[in-house]
Each structure stands twice: as structure tokens, then as C-alpha cells.
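Structure first, commentary second.
Only heavy atoms go into these numbers, but all of them, side chains included; no hydrogens, no water, no symmetry mates.
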Amino acid sequence: MTYHAKSDFMRVMMERGYLADCTDYQALDEAFLKGVVPGYIGFDATAKSLHVGSLIQIMMLRWLQKCGGKPIVLMGGGTTKIGDPSFRADERPLLTDDQINENIAGIKRAFSPYVTFGDGPNDAVMVNNAEWLDGLNYIGFLRDIGRHFSVNRMLSFESVKSRLDREQSLSFLEFNYMILQAYDFLELNRRYGCLVQMGGSDQWGNIVNGVDLTRRVIEHEVYGLTSPLLTTSDGKKMGKSANGAVWLNGEMLSPYEFWQFWRNTTDADVGRFLKLYTELPVAECDRLGALQGSEINAAKVVLANAVTTLLHGAEAAAAAEATAREVFEKGGIGDDLPTVALSVDEVSDGVGIVQLFVRAGLAASGKDAKRLITEGGAKVNDEIVTDTSLRYGAGELAEPLKLTAGRKRHALVVIG
């Protein structure tokens, strides 16, 4: 559909590639022209940090605030107890209340660099859906809310249908998730006047349910807006690297490793990622993304610096770039490389090279490390090693040991 946006927010969503679908483009656009639009995105607390797969949603909340809207960050303290079944092959492991609260505390830290929290009309708020879900009366909820849901329609949503088509079990617990998410939208509209729910396109069915429920129960018009499910140009899911999840919290992934993830972006993704994950003008994103050959590497540094600055600050981005330049251009040991500190006891009998690569996070397992070494993809102090039986004692570790996997991933091993 071709729609020419009038409001700043809808124009940004369209121009920068955030928009996959919307329940009513024109009505939502006009709502933004009339005043402050509160909008929310929900985040279940399944880990102590979000990863870059959630960054597109966080950026949407940031743009919402920059364009005059009010971001509502909804933490799924209640829904995490069930787990979203959307496009999953199995049920999520159930977490305790303490684990969920600990995860929420960790996740909160990722938002403060992107949105401003406070009490003003345009300030962001963080809300926990456990506030209203934990105390629900089951019979009352079924009577007042459950009667608005058609099981036939719920079974037709692709997220559920795909699971059933593969004959994979879908528990009644999980089946309730979409009802609870719809109820979240209704409750946020009641409490905060929330007008729009945003999320990835895999949430479309859940979002539409919330729009319908709010209209049926309190006769309020609300809207849904989804972003594309992002994969890299080589088909990989956004948020994963060769070394696992790319976490937003600095203690789970160093700013240098975060910077390096963006520096390693595939050429074909540079322009698109600049639009989605930075605030550079669209024309500049297009110009940088169109560069060819060695020039595209300069665009990747711009991308890495801009994204890292937003999350970790300008100093961390500059330090990461300086470390990368020293490591790659001079072959030296940068100050900011990920470091593994071994105790004296651990190296008293020597420590194997396979274990070192796993401990440093340069290999996912011992098997992965052995394959990396035997295939010539591992270096120690810039020298290729192919012997998986090598061991290093206190003498070899008196100076920092530099490990390299492939051409771009490095770590230091020290005694400390």
C-alpha cells in the first residue's frame, strides 16, 4: 500500500524501513497530528539482558519520543510466566518470580540510553504487566474477557497454525498468551490512554487481538504497527553472531565486541542498518550504503561508531575503534580487547589451547575449538596453531596471550 505520511513519526517509520504493517495508516497518522500519542512495546523477561534482535523495537520507541509521542516500555513480569509461543517449536522453560524480577532489573538498564524516563507528558514510563495479570480472578476474566475470543480465529493465526501443522505440542498455558497480551493493550489504554502497540511482524496476530478487544470492551479505537522481522542479507536471524547472542548489557558483552559486531556487517546490509539503528539522515545512509570495494569498510566504521555511541557512549565507541585499528592495522594488542583472567592455580599444570578458546568465547564448544584449530583458523600471538594438544603454563602466560579466531575475533588471556 502506498500511503504518504503527514506526521513526523509515521514518515520516519516509512522512510527508514521500520514499517511492515499497520491496522489503519491514516487514522494513526492523524492521531499523531492531534497530540501526544502513547505507544507501547512489550518485552518478556526471559534473560538478564536484551540482545540486538530487540534493538529495532527500542529504536522505534526512541523515534516515538523524538517525534512527540510517549513511549511505554512494558515489562512482561506476568506474561513471562507463560512464554510467547509465537513461531516457537517448543515451550519456553518456566522461570520463578525471583528469576523474572532479576531479569527485569538487568533489562531496564538497556533502555535509559535510548529514551528519557520521567513524569512529563512526553516522558517514557516503564510498566510491569504483573501489576494487573498476577491478581486476575480466573472465572471473572473468562467471563469478561475470554468471551470475546473465538478459538476458531485463534487457531487460524500463523504463529499457532504453524506449530499445529508441524504436529508440535501447544500447551493450554501457551495458548492463553495471546489473550493476556491483548488484555495488556486494553489495560494500558485504560491506565495511560495508550493508542498504539508496536512489535515485530511475528506479533501481528497478538496485536490485532488487542486492537479488537479494546474496541469491544471499552469501545476505544487503538492501532497496531509492526516492523519487519529482520534477517541479515545472508539469511541469518538478527541478534546472533558466530559467538552467540549480541547482548546490550555491557557486562554480558563488552562495548568492543558490540562495536565489532556492527563493523563486521555484510556489505549489502550497511545502508539498511544505518537507517534502522542510527539517526544519520536517510540520504547519508543511502550514500554510505552505496559505497563499493574498500570504501564500504569506512561506512561500516561509521555504523559501528554510531550504534555503539547510542548504547555505550562516545568514549566507548572511540576506544573500540582505536583498539580495532591497533589490532587489525598494526597487529598489536589493543587495550579494549575482551580479556579472560586465569588464576595461578588454573595454570599450575598448564591449560589446554582448546579450553582457552572456549573460555575466551572464541569457540562455542570444545568440538568447535578443535575444528577451528585443525582447519587453520586459530592464532596465538598472531601465529597460526594447528595442534589441539598444546598447553600453556605460567611461563607462557607471564605476558598477555593474544588469541585470534578467523580474521576478526580476538581475545586476551592473562593471569590475574
For residues 302-319, pull every pair meeting side-chain hydrogen bond (donor to acceptor under 3.5 Å, both in side chains), keeping only residues two or more places apart or in separate chains.
-> W259-N305, N305-E321
Taking all heavy atoms of L280 and all of C285, pick out the closest pair and write down the distance.
-> O-SG, 3.5 Å
Looking only at heavy atoms, the pair that brings P113 and R109 closest together is CD-O, 3.5 Å
Would you find a donor on one side and an acceptor on the other, under 3.5 Å apart, between the side chain of Q292 and the backbone of A290?
-> yes
Have Q203 and Q197 got a donor and an acceptor in their side chains that come within less than 3.5 Å?
-> no
Can you tell me if W132 and D184 form a side-chain donor-acceptor pair at under 3.5 Å?
-> yes
Before giving the answer on side-chain contact (heavy atoms from CB on, under 4.5 Å), spell out for I58 and L248 the whole-Å C-alpha distance, their side-chain angles and the decisive distance to 0.1 Å.
-> CA-CA 11 Å; I58 296 174; L248 300 185; 3.7 Å; yes
Check against side-chain contact (heavy atoms from CB on, under 4.5 Å), M14 and Y25 | CA-CA 11 Å; M14 291 177 168; Y25 293 85; 3.6 Å; yes
Which pair of non-hydrogen atoms, one from D44 and one from Y177, has the smallest distance, and what is that distance?
-> OD2-OH, 2.7 Å
Value for CG (L225) from OG1 (T23), rounded to nearest 0.5 Å, stands at 8.0 Å
side-chain contact (heavy atoms from CB on, under 4.5 Å) between L74 and I41: does it pass, once the steps are laid out?
-> CA-CA 6 Å; L74 181 68; I41 300 178; over 6 Å; no
State, with a plain yes or no, whether a side-chain heavy atom of M59 is found less than 4.5 Å away from one of L310.
-> yes
Starting at CZ of F261, measure out to NE2 of H51 and round the result to the nearest 0.5 Å.
-> 10.0 Å
Would you check if L372 and F357 make a side-chain contact, meaning some heavy-atom pair closer than 4.5 Å?
-> yes
Distance from K70 atom NZ to L64 atom CG, nearest 0.5 Å?
-> 10.5 Å
So salt bridge (Lys or Arg N to Asp or Glu O under 4.0 Å) across residues 289-313, not counting sequence neighbours, yields D267-K300
Is any side-chain heavy atom of D212 closer than 4.5 Å to a side-chain heavy atom of R153?
-> yes
Can you check whether T278's main-chain N or O pairs, donor with acceptor, with R16's side chain at less than 3.5 Å?
-> yes
Looking only at heavy atoms, the pair that brings A45 and T80 closest together is N-OG1, 2.8 Å
Evaluate ring pair (Phe, Tyr, Trp, His ring centres under 6.0 Å) for Y223 paired with F32, printing each intermediate quantity in order.
-> CA-CA 12 Å; Y223 311 99; F32 276 102; 9.2 Å; no
d(N209 CG, L186 CG) to nearest 0.5 Å is 12.5 Å
Just by distance, do the side chain of E221 and the backbone of R215 share a donor-acceptor pair under 3.5 Å?
-> no
Any chance the side chains of S54 and Q57 put a donor and an acceptor closer than 3.5 Å?
-> no
Exam field: side chain R147 to backbone R143, donor-acceptor pair closer than 3.5 Å | yes
Output yes when a side-chain donor or acceptor of D269 lies under 3.5 Å from a complementary backbone atom of T265, and no otherwise.
-> no
Basic-acidic side-chain contact under 4.0 Å: D29, R11 = no
Under a 4.0 Å N-O cut-off, is there an ion pair linking K48 with E251?
-> no
So how far is it from I353 CD1 to T386 OG1, rounded to the nearest 0.5 Å?
-> 9.0 Å
Measure from the side-chain N and O atoms of T388 to the backbone N and O of K370, and report whether any donor-acceptor pair falls under 3.5 Å.
-> no
For N249, does its backbone N or O pair with a side-chain atom of S49 as donor and acceptor, under 3.5 Å?
-> yes
From CA spacing to verdict: ring pair (Phe, Tyr, Trp, His ring centres under 6.0 Å), Y40, Y192 | CA-CA 10 Å; Y40 97 93; Y192 298 95; over 10 Å; no
For G199 and I207 the tightest heavy-atom approach is N-CD1, 4.0 Å
Would you confirm whether N129, through its side chain, and G77, through its main-chain N or O, come within 3.5 Å as a donor-acceptor pair?
-> yes
So, do F273 and L230 sit near enough that their side-chain heavy atoms are less than 4.5 Å apart?
-> yes
For residues Y114 and L61, determine if any side-chain heavy atom of one lies less than 4.5 Å from a side-chain heavy atom of the other.
-> no
Verify side-chain contact (heavy atoms from CB on, under 4.5 Å) between V125 and D123, making sure each step is shown before the conclusion.
-> CA-CA 7 Å; V125 293; D123 287 339; 6.0 Å; no
Main-chain N/O of M178 paired to N206 side chain as donor or acceptor, under 3.5 Å = no
Looking at side-chain heavy atoms only, is the closest gap between L213 and F185 below 4.5 Å?
-> no
Donor-acceptor contact present, side-chain T374 to main-chain R371, <3.5 Å | yes
Would you indicate whether the side-chain heavy atoms of L253 and V246 approach each other to under 4.5 Å?
-> yes
Answer whether the closest heavy-atom distance between the side chains of E284 and L288 falls below 4.5 Å.
-> yes
Would you name the heavy atoms of K275 and E15 that are closest together and state the gap between them?
-> CD-O, 4.1 Å
Reported CG-to-CH2 distance for the pair D21 and W204, which is rounded to 0.5 angstrom = 4.0 Å
